[in-house]
Amino acid sequence: MFSLSESGIDPARLRRELESPSAGAVVCFEGRVRDHNDGRAVRGLSYEAYADLALAEGQRIVEEAARRFAVQRIACVHRVGDLALGEMAVWVGVSAGHRAEAFDACRYVIDEVKARVPIWKREHYVDGASGWLHP
Amino acid sequence: MFSLSESGIDPARLRRELESPSAGAVVCFEGRVRDHNDGRAVRGLSYEAYADLALAEGQRIVEEAARRFAVQRIACVHRVGDLALGEMAVWVGVSAGHRAEAFDACRYVIDEVKARVPIWKREHYVDGASGWLHP
Amino acid sequence: MNYRLLYFASLCDAAGRSRESVASDARDALALYTEIAARHGFTSRPERLRVAVNGEFAEWNRPLADGDEIAFLPPVSGG
Amino acid sequence: MNYRLLYFASLCDAAGRSRESVASDARDALALYTEIAARHGFTSRPERLRVAVNGEFAEWNRPLADGDEIAFLPPVSGG
């Protein structure tokens, strides 16, 4: 399940949705707002999403991961709007019978989300400037 | 930091110890007691450790991971004693500037802990039998 | 034909708006982008962008229909 | 020489105890294991085990000193 959130991500709540009696392994990834990027001091950032397409593409990625890897549950949430330093920008959680699949599926989801989901980051720098990141 | 715990693992508390303003990525692994193994229904398990050596070897693994990968903090806790279904047996958390290193270090720690740290699992089966797992 | 256009991130900044309706003779996404880029001064070449039509990714040669909603998408940077 | 022995997991079950002190003429870890395995009926061949001396992993040919604490370790199964 892929979703967008306009407010703070609650990993404990999301984590509970991965519960399964046959899940021997859970792997979670958190992406957070760092205090620097490419040598510039960052004071915060904003994410803008093309929401309809982001939700559809995020869900496709989750379903791809579920087909490729022997996992039980997958959840991914991406923030939109303004984030302060240290806030969670994205969370991915995977439960599986065994750890290899949990790691691989979690990595797949975050890699593909970053590559494909129409979300854009604007960094706000300590020096007052800001800019969109378009890799 | 590697430790053994005789009581339930609290991932939220452990997670807070990984905080760092320059950490853009956090990866956590949880190993949990599954309701089956090799086709047998499991009702719980016990872990026995050679505590002195387990702590020394676990700490060596954490330090190896810190040298090999560009990470910021690493923590690992392994339970000992009796565990019920669904309880957390082991937790590994890694914070890093970037996700590749966080994933790789987390994977390294759990793989090496399972291979090298003197801890043994006794499974208790629903049919009343129990046995040590010595892979 | 009448199209609804959506702009995101740097293209939104360059266009000075997040959406607009346009009347255009362009019959595919690439022709429409060329026309719109000239009007708003977009400097990104289409190879750097992706295009979506009616909420789904599409090819640049995708024929357009009256009333389609088109978005030109800068390289994404989520996560 | 006097040695302190620690037993874990299946070896603890087989020995019926988790520790004991022994007097032995064995001068290295392998000789000591051979002697102890015969006494307690351990069926594991030493290649399947690891040995630790005084809380650190050691080689099987490690010479032993009076008072050493020796543990024969079954394959681990943590995690």
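To find a chain, count down the sequence lines: A is the first, B the second, and so on, and within it residues start at 1. All values below come from the heavy atoms of this structure, side chains included, with hydrogens, waters and symmetry mates left out.
With a threshold of 4.5 angstrom between heavy atoms, D/A71 approaches chain B through side-chain atoms but not through N, CA, C or O. Using a 4.5 Å cut-off between heavy atoms, B/W120 contacts chain D through both its backbone and its side chain. Neither the backbone nor the side chain of B/A54 comes within contact range of chain D; no heavy atoms are under 4.5 Å apart. Contact of B/Y50 with chain D is made through backbone and side chain together, with heavy-atom distances under 4.5 Å.
Interface residues of residues 32-44 of chain D toward chain B, defined by a heavy-atom distance below 4.5 Å: none.
Considering only heavy atoms from C-beta on, B/S95 stays 4.5 Å or farther from B/E19 through its side chain. Looking only at side-chain heavy atoms (C-beta outward), D/L49 and D/L11 come within less than 4.5 Å of each other. Using a 4.5 Å heavy-atom cutoff, the side chains of B/R32 and B/E87 are not in contact. Residues D/P46 and D/W60 form a side-chain contact, since some pair of their non-hydrogen atoms from C-beta on lies under 4.5 Å apart. At a threshold of 4.5 Å between non-hydrogen side-chain atoms, the residues B/V113 and B/F2 count as touching.
For residues 12-46 of chain B, the set of pairs meeting the ring-ring contact (aromatic ring centres under 6.0 Å, His included) definition, not counting sequence neighbours, comprises A/F103-B/F29.
For CD of D/E59, the number of neighbouring non-hydrogen atoms (other residues, nucleotides, ligands) closer than 6.0 Å is 12 at most. Other residues, nucleotides and ligands place no more than 12 heavy atoms under 6.0 Å from the CG atom of B/D38.
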